[in-house]
Protein chains: 2
Amino acid sequence: MAEKVTIATVARHARVSRQTVSNVLNAPHIVRQETRERVEEAISALGYRANQAARQMRTGRSRLIAARIEPTRDGINGSVLDRFLHGLTETADAAGYRVLLYTATDDEREITTYDDLLGTYELDAFVLVGTKYGDPRTEWLADRDVPFVTFGRPWDALDAHPWVDVDGAAGTAQATRHLLATGHRRVAFIGWPSGSGVGDDRRAGWRDALHAAGVDPTGLHRETEDGIAEGERLMRDLLGTEAPTAVVCASDSLALGALQAIRGIDPPVAVIGFDDTPVAVAVGLDSVSQPLGEAAARCVDLLTGVLDGNHETPTHVLLQPSLALRHTA
Amino acid sequence: MAEKVTIATVARHARVSRQTVSNVLNAPHIVRQETRERVEEAISALGYRANQAARQMRTGRSRLIAARIEPTRDGINGSVLDRFLHGLTETADAAGYRVLLYTATDDEREITTYDDLLGTYELDAFVLVGTKYGDPRTEWLADRDVPFVTFGRPWDALDAHPWVDVDGAAGTAQATRHLLATGHRRVAFIGWPSGSGVGDDRRAGWRDALHAAGVDPTGLHRETEDGIAEGERLMRDLLGTEAPTAVVCASDSLALGALQAIRGIDPPVAVIGFDDTPVAVAVGLDSVSQPLGEAAARCVDLLTGVLDGNHETPTHVLLQPSLALRHTA
DNA sequence: CTCGCCGTCTTGAACGATCCAATCTGGATA
DNA sequence: TATCCAGATTGGATCGTTCAAGACGGCGAG
C-alpha cells in the first residue's frame, strides 16, 4: 500500500512550496508557466487528488448537492424522478459536484434533515422536486440563505427563488392542437381539481388551444384525483354525454384509465397523456414528453451560478415539452 | 447569523474540555454520568452537530456510501432501481450513512470514477447493482480492499464478495406452481438467452416446477433479448405450435408483449411477469415481486457489518420474492 | 541611488475534530 | 500522613488544505 499523496508530497516532488501547488489548483494564473507545468507534471506523476474533507474544512464548501428521492408514490410518475436524478448526477458531475440523496416522510422531518445535512455535511445546495403553495421547506431554506433550486414553479410567487420548470400549458396546448389538426373538434380534458398550480396550468393550455380554434370547451372537461381507476371512471362519464372524439389527460395514469374506458369503441377515441412515462411507452400511449435531462442540467447551471457568485445567470428557466406520438392519437 | 457551534463551544458551555465532549460522543461509557448529562444538555441547547469534514480528516472515514444510478435503460425495469435506491437511502440514513450517486457510461469510466470518489471523497463503500460474469469492477474493488456489496449474485464465484439477491428461481417456480394449481398444464416460459445468470436462474425455476409436477417442458420455452416487441413475437410463435394455456415471463417487458399477442384469444392465456414494475401495476399484469426495500436494507446491513469490523455477519443474503396477483392469471 | 511596486513564491496559522500521553482527583491502603 | 491506583480530565499534536501576510529580486520613476 503506497502512502498517501498529499499536497506536500507534490510540493516536494516539484521542489516548490505547498502553497504554490495549491495555487496551481485554485488560481493557476498567478503561477509562472514553467513552475505551473512542473507542478502539473508532479500531480499526474504521483496521481495526486485533492482531499475533499481537508478542502472543505478550510473553505466551508463541500461540493455536495442534496436531492430528495421520494417513496415512489404512484409508481408511474415515480419514474420521472428517476430520469431527473440521473440527469442531475451526470450534469453535477461535470460541474465538479456530487449528488447526495435524502428522504423524509413529511415536511417537518424534511426540514430536520436539512438542518442535519447542513450542520454535519455542510451541503452546498438543495434541489427540490415539486413544491406546493406556501411550501414550508422553501421558506425555511430561503430564511437561512441556503442556495436551492426547485424543479417546478412556486406558483404563488414566481420570483421567490430560482426554479426550472417545463411549460405544461404549452404541452397540453400542443397536444390539443395536434388533435384539432387531425380533424377532431370535440377534444375533452381530464385533469386534477383546481388549486394545484401544475393541474391548472395544464388545463389552461388545453382550454386556450380550443378557444384559439373557436371551439367551446363547455362540458368537455372533468376533474379528479390522479389514478387509473379515476381516469377510467371520468372517461366513461364523458362518453355518456355528448361524447368527445378525443381527450387530453393531465397524466399518464389518467390517460391509461381513459384508454381502458374506450376499449372497443369505434371509431376509436384519441387519447394523449402527460409525462411520457415508461408505461406510456409500453402501451403505445401518446404523451407529452418533458425534457428531464435538460431540466436537470439547468438546475445544476442555476446552482453553480449562485454558488460561484455569478449573479448574471437567469434565475428562472421554462422549458418546452414535446409530443411523443405513437398510435393512440 | 449565530457563530458556528464547535466542540469547543460545547466544552465551554458545559465547563469541561474538548476531549470530554468527544468522549461523550464516541465513548460515552468512560465518562461519569453526571458529566455526560451536563455535556449532552449543552449539545442540545446549542444545537451542536459534529462537523463531518473535520471528523473525516482525522479518522479517514466519510460515512458516505456510493450507489450507481443508471441511464434508465428500458424504462420499465429502471423503476426497480428507483425503489431500491429509495430503500437504500432510508436504511443508510438510519445507520448513520449517506448515499452518494454516481454514473458512468461504461466499465472503464466507472472504475475511473471509483478512483476519483475514493481519492477525493474517501468513500466508505460501494453498492453495485447488477454484475456480470467476470465483472472488472468488482475485481478492481476487491483488489484494493474497498468494502462493497452487490445487489445480484456473482454467478461465477458465489463466495467472491458479499452480496444480496432475490431468489429468481423461487419466483418463477412459485408463478409456475400457481398456474399449475389453477388447472393449467401447458405452462410456457419466455426468457433470455442462456448465459446470463439471472435469466438462467429464472428459467430453471420454471423448469423445475414443471418437472416436479410431472409436466414435460419440451417445446414450451422461447428465448430472446428483453423488450416488448420481442415478447409479442415469441408469444405469437408459441401460439402457432401446440398453444400453451399459460406463460411465465422473465420480465414485465416480455410479459407485456405476450399480453398484446394474446389479446382477443378465448379462453384467455394466463400471463405472469417478473419484477412487479409500475407498468405491471398499471395494466393489471400479475408479476413476481421482489422485496426491494428489504434487499436495500440488507445491503446496508452487510456494509455496516464490514465497516464496523463486525465479521460475524453473514456475507450472502438470498431473499424470497412473492407473487403479486391481479387478473392476468 | 533610493524607493515603491509588481510578480512570484514561501512561511506560519487556522479550519474542527480525534488520538495520545500526561496530569489531576478522590478514595483505599500501608 | 504518605503512597498508590484507577478513573476522569487536560493540553498538545495531527489530519490536508487554504488564507493572510511576508520575502525576494528586478524594474521603472522620482
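These numbers come from a predicted model, not from an experiment. Numbered from 1 within each chain, the chains take letters A, B, ... in sequence-line order.
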Practice task
Check the angle between the aromatic planes of Trp140(B) and Tyr114(B) and answer parallel, tilted or perpendicular using the 30° and 60° thresholds.
Solution key: tilted
Handout entry: d(OH, Tyr121(A); P, dG16(C)) in whole Å
Key = 18 Å
Handout entry: Contacts of Val198(A) that satisfy side-chain contact (heavy atoms from CB on, under 4.5 Å) - sequence neighbours left out
Key = Trp155(A), Trp192(A), Arg202(A)
Practice task
Apply ring pair (Phe, Tyr, Trp, His ring centres under 6.0 Å) to Tyr97(A) and list each qualifying residue two or more places apart in sequence or on a separate chain.
Solution key: none
Fill in the blank from the handout: Between its two end axes (five pairs each) the helix from dC1(C)-dG30(D) to dA30(C)-dT1(D) turns, nearest 10 degrees, through 70°
Practice task
Please name all residues satisfying ring pair (Phe, Tyr, Trp, His ring centres under 6.0 Å) with Tyr48(A), sequence neighbours left out, ordered by chain then number.
Solution key: none
So which protein N/O to nucleotides 26-28 of chain C N/O distances come out below 3.5 Å?
none

Exercise for the section: Take the protein atom CZ of Arg61(B) and the nucleotide atom P of dT18(C), then report the distance between them rounded to whole Å. Expected result: 13 Å
Exercise for the section: Taking ring pair (Phe, Tyr, Trp, His ring centres under 6.0 Å) as the test, write out the residues that go with His161(B), two or more places apart. Expected result: Phe148(B)
Handout entry: Nearest-0.5 Å distance, CG of residue Leu158(A) to OG1 of residue Thr315(A)
Key = 10.5 Å
Exercise for the section: Kindly check if the number of other-residue, nucleotide or ligand heavy atoms within 6.0 Å of CZ (Arg61(B)) is above 12? Expected result: yes
Problem - Gln320(A) atom CD: more than 12 heavy-atom contacts under 6.0 Å - result: yes
Exercise for the section: Sugar-phosphate means primed atoms, P, OP1 and OP2; the rest is base. With that split, encode nucleotides 6-13 of chain C 5' to 3' as B, S or - using protein heavy atoms under 4.0 Å. Expected result: --SSBBBB
Handout entry: Residues that Ile30(B) engages under side-chain contact (heavy atoms from CB on, under 4.5 Å), provided they are two or more places apart
Key = Asn23(B), Ala27(B)
Fill in the blank from the handout: In the 5' to 3' direction, the nucleotides of DNA chain D bounding the stretch that comes under 4.0 Å of a heavy atom in chain A are dG16(D) to dA20(D)
Handout entry: Nearest-Å distance for atom pair CG/C1', residues Asn51(B) and dG16(C)
Key = 6 Å
Handout entry: Exam field: side chain Arg153(B) to backbone Asp165(B), donor-acceptor pair closer than 3.5 Å
Key = no
Handout entry: His316(A) side chain to Asp159(A) side chain, donor-acceptor N/O pair below 3.5 angstrom
Key = yes
Exercise for the section: Report which part of the nucleic acid Ala53(A) touches: base, sugar-phosphate, or nothing (heavy-atom distance under 4.0 Å, all strands). Expected result: nothing
Problem - DNA chain D contacts among residues 42-49 of chain B, heavy-atom distance under 4.0 Å - result: none
Practice task
Name all residues meeting the salt bridge (charged side-chain N to carboxylate O under 4.0 Å, His left out) criterion together with Asp145(B); count only those two or more places apart in sequence or in a different chain, and write none if there are none.
Solution key: none
Exercise for the section: Using distance alone, with no hydrogens and no angle criterion, decide if Gln56(A) and Tyr121(A) have a side-chain donor and acceptor under 3.5 Å apart. Expected result: no
Practice task
Applying salt bridge (charged side-chain N to carboxylate O under 4.0 Å, His left out), run through Arg98(A) and Asp116(B) and close with a yes or a no.
Solution key: CA-CA 12 Å; Arg98(A) 296 273 165 196; Asp116(B) 217 55; 3.7 Å; yes
Handout entry: Contacts of type side chain to side chain donor-acceptor pair (under 3.5 Å), residue Asp107(A), not counting sequence neighbours
Key = Lys132(A)
